[in-house]
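Okay, structure first, notes after.
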Amino acid sequence: MPVFYETEIASPLMLGTALYPSPDVLADAFRRSGAGVATVSLRRESAGGGDFWELIRELDIPVLPNTAGCHSVREAVTTAHMAREVFDTDWIKLEVIGHADTLQPDPFGLVEAARILSEDGFRVFPYTTEDGVLAGKLLDAGCEVLMPWGAPIGTGRGLMNPYGLRTLRAQFPEVPMVVDAGLGLPSHAAQVMEMGFDAVLLNTAVAQAGDPAAMAEGFALALRAGKLAYDADPMEPRDMAQPSTPLMGLAVLE
Amino acid sequence: MKITVNGTVQEVSAQTLDAALAELGYGDARVATALNANFVPAAMRASQSLEAGDQLEILAPKQGG
């Protein structure tokens with residue numbers, strides 16, 4: 001199972017907690033999939049809240065707070081500090097958003113924030129692109145995990161640049177990598193694992209399915225299938241047909 | 001004095017951040033605070049004084065992806 005910053009998690013499925021039709025459905029999705037990490041956020045609180053925190057505690061798995069919605073280094077760093085106190089974890093899913101429509105990462109702000117937070121003792125999970133040069137700079141900044149996107153957040157389109165992701169995987173073979181965002185179907189998650197990635201992080205594909213718990217289980221099974229396939233050393237595709245049934249011993253019947 | 005709490009102007013009589021949290025009804029709520037965009041750790045709230053016009057953010061665990 002994946003190991004992030006010396007912590008082994010129970011499943012390669014990292015699941016978001018937003019957009020579910022109800023808290024019960026959320027809890028069902030986590031139970032049925034055996035998800036290994038729950039992502040969470042910080043938002044303004046009106047006096048008297050607190051139910052959500054109880055729900056998350058009952059899941060009894062590591063939480064990964066995010067800096068979603070932050071567009072500047074300063075916002076992201078301050079949010080990370082607030083999250084560390086509230087969630088009592090030094091893990092942070094670092095998002096520094098560069099564009100409001102595409103929600104793509106701001107690579108320059110991301111590296112700067114990653115460096116500041118790593119120096120402050122955070123264990124940073126950067127939401128990044130598949131760019132290998134950027135990945136190298138994030139590692140230099142102190143990150144020990146990378147989270148390249150599959151497609152823009154919430155699109156459910158699957159892997160937009162499989163070639164780029166394969167290249168990134170090959171460039172840093174020892175670095176734990178999570179494909180984060182843009183997955184829509186279990187087959188996308190299987191593809192991620194077949195390429196040798198360590199985990200996926202998704203939310204909308206499960207939470208907005210007609211039956212979120214069933215979809216969550218579907219993703220968990222696909223992740224297992226993809227991991228088995230990667231470890232089993234798949235055959236190379238070829239252009240020409242090749243009979244699988246032996247020609248030796250074929251009867252002459254004409 | 002008037003301060004802005006999570007985007008809404010409110011009147012508080014408290015002079016420190018921890019007293020303001022109690023006055024606003026947060027009591028022992030699991031929240032993190034930022035004053036004028038600077039994080040104020042829980043341990044520093046008692047010594048953090050308030051001034052009229054301060055911008056206070058009170059954040060709590062919420063759903064996220």
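Bear in mind the structure is a predicted one, so any value in this text is a computation, not a measurement. Note that these values count all heavy atoms, side chains included, but never hydrogens, waters or copies made by symmetry. Each chain gets a letter, A, B and so on, in the order its sequence line appears, and its residues count up from 1.
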(request) Select one option (side chain, backbone, both, neither) describing which atoms of Leu201(A) are under 4.5 Å from chain B's heavy atoms. (result) side chain

(request) Please test Leu42(A) against Glu57(B) for side chain to side chain contact (heavy atoms under 4.5 Å, CB included), starting from the C-alpha separation and ending with a verdict. (result) CA-CA 11 Å; Leu42(A) 275 182; Glu57(B) 292 285 340; over 6 Å; no

(message) Restricting to non-hydrogen atoms, name the atom on Asn203(A) and the atom on Gly65(B) that form the minimum distance, rounded to 0.1 Å.
(response) ND2-CA, 3.2 Å

(message) Can you confirm whether Met44(B) is buried at CE, in the sense that more than 12 heavy atoms of other residues, nucleotides or ligands lie under 6.0 Å from that atom?
(response) no

(request) Could you grab the distance from atom CZ of Arg30(B) to atom CZ of Phe52(A), nearest 0.5 Å is fine? (result) 12.5 Å

(request) For Glu45(A) and Ala60(B), work out which heavy atoms get closest and say how close. (result) CB-CB, 3.3 Å

(message) Evaluate Arg44(A) against Lys62(B) for side chain to side chain contact (heavy atoms under 4.5 Å, CB included), listing each step before the verdict.
(response) CA-CA 9 Å; Arg44(A) 285 173 170 174; Lys62(B) 297 288 177 189; over 6 Å; no

(message) For residues 17-38 of chain A, which residue pairs pass the salt bridge (charged side-chain N to carboxylate O under 4.0 Å, His left out) check, not counting sequence neighbours?
(response) Asp28(A)-Arg31(A), Arg32(A)-Glu217(A)

(request) Mark yes or no for whether Thr78(A), through its side chain, and Phe39(B), through its backbone, hold a donor-acceptor pair below 3.5 Å. (result) no

(request) Check whether Glu95(A) gets within reach of chain B through its side chain, its backbone, both or neither, counting any heavy atom under 4.5 Å. (result) side chain

(request) Considering only heavy atoms, give the residues of residues 100-116 of chain A separated from chain B by less than 4.5 Å, sorted numerically, with 'none' for an empty result. (result) none

(message) Give me the atom names and distance for the closest heavy-atom approach of Val86(A) to Leu59(B).
(response) CG2-O, 4.4 Å

(request) Side chain from CB out, backbone as N, CA, C, O: work out which of these in Arg84(A) comes under 4.5 Å of a heavy atom of chain B, or both, or neither. (result) neither

(request) Using a cut-off of under 4.5 Å on heavy-atom pairs, state which of Gly27(B), Pro61(B), Ala32(B), Ala42(B) scores highest against chain A. (result) Pro61(B)

(message) Are there residues of residues 14-22 of chain A whose heavy atoms fall under 4.5 Å of chain B's heavy atoms? If so, which?
(response) Gly16(A), Thr17(A), Ala18(A)

(message) Under a 3.5 Å distance rule, please check whether Glu85(A) uses its side chain to pair with a backbone N or O of Pro41(B) as donor and acceptor.
(response) no

(request) Mind running side chain to side chain contact (heavy atoms under 4.5 Å, CB included) on Val40(B) and Met82(A) for me, showing each step along the way? (result) CA-CA 8 Å; Val40(B) 182; Met82(A) 297 174 85; over 6 Å; no

(request) Could you list which of residues 6-14 of chain B have a heavy atom closer than 4.5 Å to any heavy atom of chain A, in residue-number order? (result) Asn6(B), Gly7(B)

